[in-house]
Amino acid sequence: MGQAVDYNLGVRRPAQWILRFLVAAAIDFAIVWIFFRLLHVNPITVGFTFLLAVLAVSASWGLQVAVFMAVVATLVYNYFFLPPLLKFTIADPQNWVSLFVFLITAIIGSHLSERARREAQESNQRRREVERLYAFSQQLLVSENVFGLLNNVPSYIVDSFGVTGAAVFLDHKQKTYFSDISVQSLIPIDELKAVSGRGEPVLNRERGTCFMPLRMGVRSIGSLGIVGSNMSRETLEAIGSLVAIAIERAATMMKLTKTEAARESDRVRSLLLDAVTHDFRTPLTAIKASAETLLSEVELDKPQLKELATVINEESDRLNRMVGEAAEVAQLDAQQIELSFQPHHIREAVDLALREAKHTLERHPVEVVVPEQLPPLRMDLKRITEVLAQLLDNAGKYSPPGTPIHVTAELRDRQLVTSVADHGPGIDDAEQGMIFEKFYRGRNQRVSMHGTGMGLAIAKAIVELHGGSISVTSQSGHGSVFSFTLPVR
């Protein structure tokens, strides 16, 4: 395909140059016709008109066309405007000087105009290359995944600089990444390896191929191959440097991410161990004390036996719930949780959550406002019920007895917003950004309320797996409103 394009360009170029020469000659004859037939002026004015036309053509089409036009202008100027007219002879010797001065002036002026035009073109090309380099650098900075970056860099080069194809070879991986499968035949892998090993660029302008080493200081980390490029060597070196820096940056980011993930894993493990040893101790103590009382020789009546059995039952449920939360947090962190998406109305999840949180809400009136015309959602009913039950449970535990709890749902910008509002003590501004973190519990509730601080973190993870978000609006002393969104598809 590349050879066909080059061939077509070669066919069009001579025809284009012939047309320019003909137009230049036509301009000369047009000036002759105007001043010889229509406007009768002195030869000096005609000479300056020819000179201006030659300079204009030089600025537009280059030196070769301008020189041809200057020679033609000299001939017709001699034939039509220098005595004797309509002859190629010159009677006055001074006119010979004038004619040669005109020709030399036209050629020198054409040369200067051509150089100015060429420098302007080079300046514009450099400006465009700098703009493309800037856009290319922005594309590289966006990606922090080294694997995605390596696959996309060749395509970025093709899109940013309009070349036929590109390839990146990495020395430490001994792997080559191409912008397109068809480019593999145009960019030999052996040449990429050789350039990476030598650390020196290879530019073949005739074939339109360029090979640049990817350097980090004096160290070569690979090479870059480009097909169909007419960029300057400086621009190619800049591209190579940007690619090398981006690859090193992405690799460093991945190392930091892995290190941070390992550190976070250790932190979570430590917090989980702390939660197990601290929060699990309370129900275990109650169960142990009740069991020892039952095993003792103390005579107990029926109500006392029932009370001890109730304590064992409730504390066992509480212990089982905390173990389940810890296991669920581990599954969410490992992204091993599976969701069953089915169409459901949000009212189904609200009703199920109200039944699950019935024990906590028994001292609170609950107001539910969920319009029937709301569209169904694709969601995991069990998990969304778990989110609502957690929010209702928190609202019931942290609100004074007798205060109402409000549950609402509304459609807002293709998002279904479900909210649970209470009249509890509220949450400080400083704590609102931390309450969804694993194991975090409010400063004022750590002693008065039992819990592991995993509930809201689990709710947040479930909502985000559904493509939504969760937030809180609160003011100390005036209650809180927890809201989560689910997309309506």
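Side chains included, hydrogens not; waters and symmetry mates left out as well; all remaining heavy atoms used. Note that the coordinates shown come from a computational prediction; the quantities given were computed from them, not determined experimentally.
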Student check: side-chain heavy atoms of Thr385 and Glu356 closer than 4.5 Å = yes
Are the side chain of Gln390 and the backbone N or O of Val387 linked by a donor-acceptor pair below 3.5 Å?
-> no
State the CD-OG1 distance between Gln184 and Thr176, to the nearest 0.5 angstrom.
-> 8.5 Å
Crowded around Glu307 CD? As in, over 12 foreign heavy atoms under 6.0 Å?
-> no
Ile346 CD1 to Leu374 CG distance, which is reported to the nearest 0.5 Å = 9.0 Å
Test item: Phe169 and Lys193 side chains (from C-beta on) under 4.5 Å apart, heavy atoms = yes
Could you tell me whether the side chain of His364 and the main chain of Thr403 form a donor-acceptor pair under 3.5 Å?
-> yes
Looking at CG of Leu214 and CE of Met216, how far apart are the two atoms once the value is rounded to the nearest 0.5 Å?
-> 10.5 Å
Ionic contact status for Glu237 with Arg233, cut-off 4.0 Å | yes
May I ask you to test the Ile226-Thr209 pair for a side-chain heavy-atom distance under 4.5 Å?
-> no
Closest approach of Val183 and Thr164, non-hydrogen atoms and distance?
-> CG2-O, 4.5 Å
May I ask you to test the Tyr177-Asn152 pair for a side-chain heavy-atom distance under 4.5 Å?
-> no
Non-hydrogen atoms of Phe211 and Gly225 that approach each other most closely | CD2-CA, 4.0 Å
Counting only N and O atoms by type, is there a donor-acceptor contact under 3.5 Å from the side chain of Thr485 to the main-chain atoms of Ser469?
-> yes
Could you go through the side-chain contact (heavy atoms from CB on, under 4.5 Å) check for Gln342 and Leu381 one step at a time?
-> CA-CA 8 Å; Gln342 298 292 334; Leu381 181 61; over 6 Å; no
Scan side-chain atoms only and decide if Ser483 and Ser471 contain a donor-acceptor pair under the 3.5 Å cut-off.
-> no
Side-chain contact test, heavy atoms from C-beta onward, threshold under 4.5 Å: evaluate it for Leu486 versus Thr418 and give yes or no.
-> no
Test side-chain contact (heavy atoms from CB on, under 4.5 Å) applied to Val420 and Ile405, step by step | CA-CA 7 Å; Val420 176; Ile405 293 173; 4.1 Å; yes
Pro487 and Leu377 have their tightest heavy-atom pair at O-CD2, 3.9 Å
Ser160 side chain vs Tyr156 backbone, donor-acceptor pair below 3.5 Å | yes
Flag side-chain contact, heavy atom, 4.5 Å: Ile458 against Glu386 | yes
Expected output: side-chain Ser474 to main-chain Ile427 donor-acceptor under 3.5 Å | yes
Hey, does Leu388 have a side-chain heavy atom less than 4.5 Å from the side chain of Leu354?
-> no
Using modelled atom types only, decide if a donor and an acceptor are shared between the side chain of Asp413 and the backbone of Gln415 within a distance under 3.5 Å.
-> no
Got a donor-acceptor contact below 3.5 angstrom from the Ser290 side chain to the Ile287 backbone?
-> no
Does the pair Val417 and Ser419 meet the rule for a side-chain contact (heavy atoms from CB on, under 4.5 Å), with working shown?
-> CA-CA 7 Å; Val417 183; Ser419 303; 4.1 Å; yes
Please name the pair of heavy atoms, one in Ile187 and one in Phe178, separated by the smallest distance, quoted to 0.1 Å.
-> O-CE2, 3.9 Å
Indicate yes or no: does Glu464 engage Lys460 in a salt bridge with an N to O separation below 4.0 Å.
-> yes
For Arg363, does the CZ atom have more than 12 heavy-atom neighbours from other residues, nucleotides or ligands under 6.0 Å away?
-> no
Look at the side chain of Ser179 and the backbone N and O of Ala166, then say whether any donor-acceptor pair between them is shorter than 3.5 Å.
-> yes
Please check if the side chain of Gln304 supplies one atom and the backbone of Asp301 the other of a donor-acceptor pair under 3.5 Å.
-> yes
Looking at Glu410 and Arg412, does any basic side-chain N land under 4.0 Å from a carboxylate oxygen?
-> yes
Hey, mind stepping through His359 and Asp393 against side-chain contact (heavy atoms from CB on, under 4.5 Å) and telling me if it holds?
-> CA-CA 9 Å; His359 179 71; Asp393 188 64; over 6 Å; no
Any donor-acceptor pair under 3.5 Å from His466 side chain to Asp380 backbone = yes
Rounded to the nearest 0.5 angstrom, the CG-OG1 distance for Asn394 and Thr360 is 9.0 Å
Are His423 and His406 linked by a side-chain donor-acceptor pair shorter than 3.5 Å?
-> yes
Residues Ser196 and Ser223: side-chain donor-acceptor under 3.5 angstrom | no
Residue pair Leu224 / Ala167: nearest heavy atoms and the distance that separates them = CD1-O, 3.3 Å
Is the shortest heavy-atom distance from the side chain of Val202 to the side chain of Glu191 under 4.5 Å?
-> yes
Taken to the nearest 0.5 Å, the spacing of Gln174 CD from Ile189 CD1 works out to 10.5 Å
One should read off an interatomic distance between Leu392 CG and Phe482 CZ, to the nearest 0.5 angstrom, of 11.5 Å
Are Arg347 and Asp351 within salt-bridge range, i.e. N to O under 4.0 Å?
-> yes
Smallest separation among heavy atoms of His345 and Met379, with atom names | O-CE, 3.8 Å
